[in-house]
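Here the structure is laid out as structure tokens; the discussion comes afterwards.
The figures here come from the full heavy-atom set of this structure, side chains too, leaving out hydrogens, waters and symmetry mates. Just so we're clear, the structure is a prediction, and the values are computed from it rather than from any experiment.
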Amino acid sequence: MSQGFDYDLVIIGAGVAGHGAALHAVSCGLKTAIIEAADMGGTCVNRGCIPSKALLAASGRVRDLRNAHHLKSLGIQVGSVEFDRQAIANHATNLVEKIQGDLTNSLKRLGVDIIKGWGKLTGTQKVSITGDGGEKTITAKDIILSPGSVPFVPPGIEVDGKTVFTSDQGVKLESLPNWVAIIGSGYIGLEFSDIYSALGSEITMIEALDQLMPGFDRDIAKLAERVLITPRDIETKVGIYAKKVIPGSPVVIELADFKTKEDLDVIEVDACLVATGRIPATKNLGLESVGVELDRRNFIPVDDRMAVLSSGEVVPHLWAIGDANGKMMLAHAASAQGIVAVENIIGRPREVDYRSIPAAAFTHPEVSYVGLTETAAKELGQAEGFEVGTSKSYFKGNSKALAENEADGIAKVVYRKDTGEVLGVHIFGLHASDIIHEASAAVANRQSVNTLAHLVHAHPTLSEVLDEAYKRAIAH
């Protein structure tokens, strides 16, 4: 126990980042407290990854069972398929309650003090907590900030939470609008378009940039568009932004050209989901009391060890993890950062290897990737003087995918031509989010396609699409 302090470590924010940090801190023998003003589990558990996966699981089953053509190809006939919107919503709510309970209990069981209230810094190694019982101050040798993020709502868009809403309300599935506009074609927009289209809604997807799925590898995005968007009740508007969105029945959306800003059209829809990304929740944390300024995008500046920086210099005993530092806004990246921060607190230097952290969109089929896109790899190659190679393999040539009659998909490997080092892997297809981890381990270990091509995969499995892509890389 640190002399003269209430705790060895105090964590502000009990989302996935704070939770991961607290568990690791206790296992390292630190006396730990965690402060949470709202829901234990933060965004991921309450309004993000967890409830959305429950909705995707249920709506995906509905889509499968209503796909008469696919079932017939397997020799199956199913009568009419009915579902209960409220029961599907309840499945998500129940899952949230269970996981939130598990998370809270794991902290209690290990002796982490859970303090309800708003935590903010009041100076070096000092935190004030404002809750129902007034205000109190506690001290800690080290403090970790993990305040998380909130959905970003662009100017001109008015959110009422009922007809115009963000993913926060979307995961509650309080209604199934006949016609829903989705603003943004990143992974949140894609997942909700998957849910709504499976359950019978018509969708208009509005993307301000000049191509759909701007964050994804182009080869993947092109095929994903052909499978996830074109055959479904989804119309797309690209290079166009929602200049104004007015809630009500109907919702009125004024559309304009993103480059020229000229007015194009006004559409009226039943509902509008705003899926335009997330911004850090970094207000009112008391950072000024320790001389820390947010960066221009309101993230907390940190170094690779997760130590908070002030004018480029490390602020002693202060750390920031998760969405609020803007390094990589993913739940599992946040947990990894929590562990890294604690390791550095106890004097074991460690950094996060972002290149090997995978990401996934849980559409049907899934999109998953790790490491660099081909474009980013080529930029690195130009800077460091190496050539980049790519190899692709297709689910159409995979026996297991053919057995399932779900052969839409591609695996793409991006690698250095000189050493064969894998720089990135991108997969679109059945169970892509599970298959990606083999590639993630390869990137983490900086492995070469020359070695990977000789690994033996079980046959017939979907994982062989990676095997095939590695083999094609060395055949080039």
(message) Looking at Arg232 and Asp194, is there a salt bridge between them, counting it only when a charged N and a carboxylate O are closer than 4.0 Å?
(response) yes

(request) Mind jotting down which residue pairs meet the side chain to side chain donor-acceptor pair (under 3.5 Å) criterion with at least one end in residues 328-337? Sequence neighbours excluded, please. (result) Asn325-Gln337, Gln337-Tyr354

(request) Starting at CG of Asp217, measure out to NZ of Lys222 and round the result to the nearest 0.5 Å. (result) 9.0 Å

(request) Decide yes or no on side chain to side chain donor-acceptor pair (under 3.5 Å) for Ser175 and Arg85, but give the supporting numbers first. (result) CA-CA 8 Å; Ser175 66; Arg85 178 201 55 79; over 6 Å; no

(message) What I want to check is whether the side chains of Thr204 and Glu235 have a donor and an acceptor closer together than 3.5 Å.
(response) yes

(request) Decide yes or no for Val425 and Val414: does some side-chain heavy atom of the first lie under 4.5 Å from some side-chain heavy atom of the second? (result) no

(message) Tell me the closest heavy-atom pair linking Leu9 and Ala140, and the distance in Å.
(response) C-CB, 4.3 Å

(message) Just so I know, are the side chains of Asp219 and Lys392 near enough to count as touching, which here means a heavy-atom distance under 4.5 Å?
(response) yes

(message) Just to verify, what does Arg416 make a salt bridge (Lys or Arg N to Asp or Glu O under 4.0 Å) with, not counting sequence neighbours?
(response) Asp418

(message) With rounding to the nearest 0.5 angstrom, report the CZ to CD distance, Phe386 to Glu421.
(response) 7.5 Å

(request) On the 0 to 90° scale, with breaks at 30° and 60°, tag the His426-Tyr369 ring pair as parallel, tilted or perpendicular. (result) parallel

(message) Ignoring hydrogens, what is the shortest heavy-atom contact between Leu103 and Gly41? Give both atom names and the distance.
(response) CD2-N, 3.7 Å

(request) Working to the nearest 0.5 Å, report the span between CG of Leu423 and OH of Tyr415. (result) 10.5 Å

(request) Hey, could you give me the CD/CG distance between Glu406 and Asn398, rounded to the nearest 0.5 Å? (result) 12.0 Å

(message) Pair Arg446, Ser356 - check side chain to side chain donor-acceptor pair (under 3.5 Å), show working.
(response) CA-CA 9 Å; Arg446 304 298 187 253; Ser356 67; 5.3 Å; no

(request) Give, for atom CG of Asp257 and atom CG of Asp265, the distance between the pair rounded to the nearest 0.5 Å. (result) 12.5 Å

(message) Please check: side-chain N/O of Ser201 versus main-chain N/O of Pro177, any donor-acceptor pairing under 3.5 Å?
(response) yes

(request) Take Asp295 and Arg297 through the test salt bridge (charged side-chain N to carboxylate O under 4.0 Å, His left out) and record every step on the way to the result. (result) CA-CA 5 Å; Asp295 73 12; Arg297 294 170 61 209; over 6 Å; no

(message) Evaluate Lys259 against Asp210 for salt bridge (charged side-chain N to carboxylate O under 4.0 Å, His left out), listing each step before the verdict.
(response) CA-CA 9 Å; Lys259 286 203 175 83; Asp210 52 10; 3.8 Å; yes

(message) Rounded to the nearest 0.5 Å, what separates atom CE in Met306 from atom CD1 in Ile339?
(response) 12.0 Å

(message) Would Lys53 and Glu191 count as a salt bridge (charged side-chain N to carboxylate O under 4.0 Å, His left out) here? Give the steps.
(response) CA-CA 9 Å; Lys53 295 311 100 49; Glu191 288 187 350; 3.5 Å; yes

(request) Begin with the C-alpha distance, continue with both residues' side-chain angles, and end with the deciding distance and a verdict on salt bridge (charged side-chain N to carboxylate O under 4.0 Å, His left out) for Asp39 and Arg47. (result) CA-CA 10 Å; Asp39 302 316; Arg47 302 171 293 281; 3.4 Å; yes

